[in-house]
**Q** 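Submitted below is the structure of interest, expressed as structure tokens.
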Amino acid sequence: MLVKEHRDIHRQFKVMFEREGLDRIEERLSILEAFLGTETHLTGAELTKILNEKGMSLSEGFVAENLRLFSRYGFAQEKKFTGQVPRYEHRHLGRHHDHLICVRCGMILEFYSPEIEALQTEVARRMGFHDLQHQMEIYGLCSKCLQKREPAIPLTMASAGERVQIIGFAGGGGMERRLTGMGLSRGTDVEVIKSSGPGPLIVASGETRIALGYGMAKHILVSMIQNVK
Ligand SMILES: [Zn+2]
Ligand SMILES: [Zn+2]
Ligand SMILES: [Zn+2]
């Protein structure tokens with residue numbers, strides 16, 4: 001962000017919050033300053049760490065409270081990406097971008113496509129809808145995580161939303177017969193519906209959902225199916 005733009009935000013913030021009668025204005029300004037000095041999508045914990053490294057010992061609760069405050073007043077934008085704690089980024093007035101989120105390492109990439117933007121407005125318009133704002137989030141695997149992937153992984157290591165192919169079984173013929181009997185034979189394509197959290201792992205094969213205990217799922221070896229476009 002431009003230095004001048006930062007200075008304007010700083011000034012607007014001071015005027016606004018002094019008028020609101022807020023306490024600890026100087027500390028809040030330091031938090032804003034540190035926030036504006038970054039160019040990523042930060043969590044409250046990450047910003048607290050940055051402040052601590054600068055020699056300011058502020059509690060994570062106070063930092064998080066200020067990030068929410070900045071969002072409410074339009075200085076920051078809160079982002080709630082699926083599977084992640086809230087993150088905050090700068091809010092550049094009049095500018096817009098969308099996000100790619102890696103479900104494996106959590107990396108966030110920004111993009112702006114005039115074609116997609118125009119198409120979204122057009123889709124809305126055709127339905128008699130006037131669009132005001134939108135958020136486009138594409139979840140997947142970043143190039144680094146794609147490279148790091150082993151050709152075959154246990155099903156328990158696949159992420160929700162991934163399409164994988166069953167390429168083998170660990171644990172002998174008995175396990176293979178049992179799983180094949182459940183519709184999970186070699187060569188079957190499945191979509192991972194739920195891969196973490198309590199309860200069984202859920203996969204879908206065609207229209208059928210299949211629940212698998214962790215002990216069984218770890219015996220199924222899969223490889224990822226690349227999206228063919
Ligand atoms: Zn967009
Ligand atoms: Zn990644
Ligand atoms: Zn962003």
Side-chain angles (χ1 to χ4, degrees), residues 1-3 5-6 8-9 31-50 63-64 66-127 129-164 191-192 194-197 222-227 229:
M1 205 192 276
L2 302 166
V3 175
E5 205 174 330
H6 277 186
D8 286 347
I9 289 177
I31 296 171
L32 181 70
E33 203 63 22
F35 173 66
L36 294 177
T38 65
E39 281 297 344
T40 51
H41 306 77
L42 281 177
T43 65
E46 285 164 356
L47 186 57
T48 307
K49 196 164 162 262
I50 291 172
V63 173
N66 278 280
L67 283 168
R68 288 192 294 272
L69 185 80
F70 302 159
S71 320
R72 274 207 305 282
Y73 284 86
F75 296 105
Q77 177 106 45
E78 187 182 64
K79 290 284 172 198
K80 283 182 174 153
F81 298 122
T82 308
Q84 298 199 3
V85 295
R87 291 183 174 274
Y88 299 84
E89 64 178 342
H90 302 174
R91 186 180 183 132
H92 304 265
L93 294 178
R95 265 176 283 166
H96 166 80
H97 64 263
D98 292 304
H99 296 96
L100 300 166
I101 303 108
C102 178
V103 297
R104 188 59 51 86
C105 71
M107 189 182 72
I108 298 158
L109 288 171
E110 298 184 340
F111 71 94
Y112 177 80
S113 158
E115 292 86 359
I116 292 175
E117 296 300 324
L119 208 53
Q120 289 178 129
T121 301
E122 175 57 19
V123 167
R125 193 195 59 80
R126 259 186 256 148
M127 297 179 80
F129 191 87
H130 175 69
D131 62 323
L132 293 172
Q133 61 106 359
H134 69 267
Q135 295 180 34
M136 177 180 261
E137 293 166 9
I138 301 178
Y139 291 85
L141 295 170
C142 72
S143 56
K144 274 207 190 102
C145 288
L146 269 176
Q147 269 170 21
K148 264 191 282 182
R149 273 182 86 93
E150 301 290 327
I153 55 167
L155 181 59
T156 46
M157 281 175 67
S159 306
E162 277 186 43
R163 289 194 61 77
V164 295
E191 184 183 341
V192 182
K194 175 177 162 283
S195 64
S196 55
V222 297
S223 71
M224 196 174 59
I225 302 167
Q226 298 286 346
N227 283 335
K229 292 269 161 66

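Remember, it's 1-based here, ligands and their atoms both numbered in the order they're listed. Quick note: residue numbers are just sequence positions, from 1. Heavy-atom basis, side chains included; hydrogens, waters and symmetry copies ignored.
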**Q** If you stand at the Zn ion (ligand 1) and look out to NE2 of H134 and NE2 of H96, what angle do those two lines make, to 10°?
**A**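 NE2 of H134, the Zn ion (ligand 1) and NE2 of H96 span an angle of about 90°.
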**Q** Looking from the Zn ion (ligand 3), what is the angle between NE2 on H41 and NE2 on H97, to the nearest 10°?
**A**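 The two atoms subtend 170° at the Zn ion (ligand 3).
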**Q** Which heavy-atom pair separates T82 from Y139 by the least distance, and what is that distance?
**A**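 That closest heavy-atom pairing would be N-OH, 2.8 Å.
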**Q** In this structure, which one of E89, R87, H90 forms a side chain to side chain donor-acceptor pair (under 3.5 Å) with H41?
**A**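 Among the candidates, only E89 passes.
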**Q** Grab the two heavy atoms, one from G74 and one from R91, that are nearest each other, plus how far apart they are.
**A**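 Where G74 meets R91 most closely, the heavy atoms are O-CD, 3.4 Å.
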**Q** Tell me the closest heavy-atom pair linking S195 and A160, and the distance in Å.
**A**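 Heavy-atom minimum between the residues: OG-N, 3.3 Å.
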**Q** State, to 0.1 Å, how close V192 and A158 come at their nearest heavy-atom pair, and which atoms those are.
**A**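 Scanning both residues completely, I find the closest heavy atoms to be CG2-CB, 3.9 Å.
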**Q** Verify the distance test for D98 against the Zn ion (ligand 3): any N/O/S atom under 2.8 Å, yes or no.
**A**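 So D98 does not bind the Zn ion (ligand 3) by this criterion.
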**Q** To the nearest 10°, what's the angle at the Zn ion (ligand 3) between atoms NE2 (H99) and OE1 (E89)?
**A**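 Between NE2 of H99 and OE1 of E89, at the Zn ion (ligand 3), the angle is about 130°.
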**Q** Could I get the full list of side-chain hydrogen bond (donor to acceptor under 3.5 Å, both in side chains) partners for S159, not counting sequence neighbours?
**A**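 Listed in chain order: R104, E162.
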**Q** Once rounded to 10°, what is the value of the angle centred on the Zn ion (ligand 2) between C145 SG and C142 SG?
**A**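 It is 100°, given to the nearest 10°.
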**Q** Report the atom name of the nearest N/O/S atom of E117 relative to the Zn ion (ligand 1).
**A**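 E117's closest N, O or S atom to the Zn ion (ligand 1) is named OE2.
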**Q** Have a look at E110 and say which of its N, O or S atoms is nearest the Zn ion (ligand 3).
**A**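 Nearest N/O/S atom of E110: OE2.
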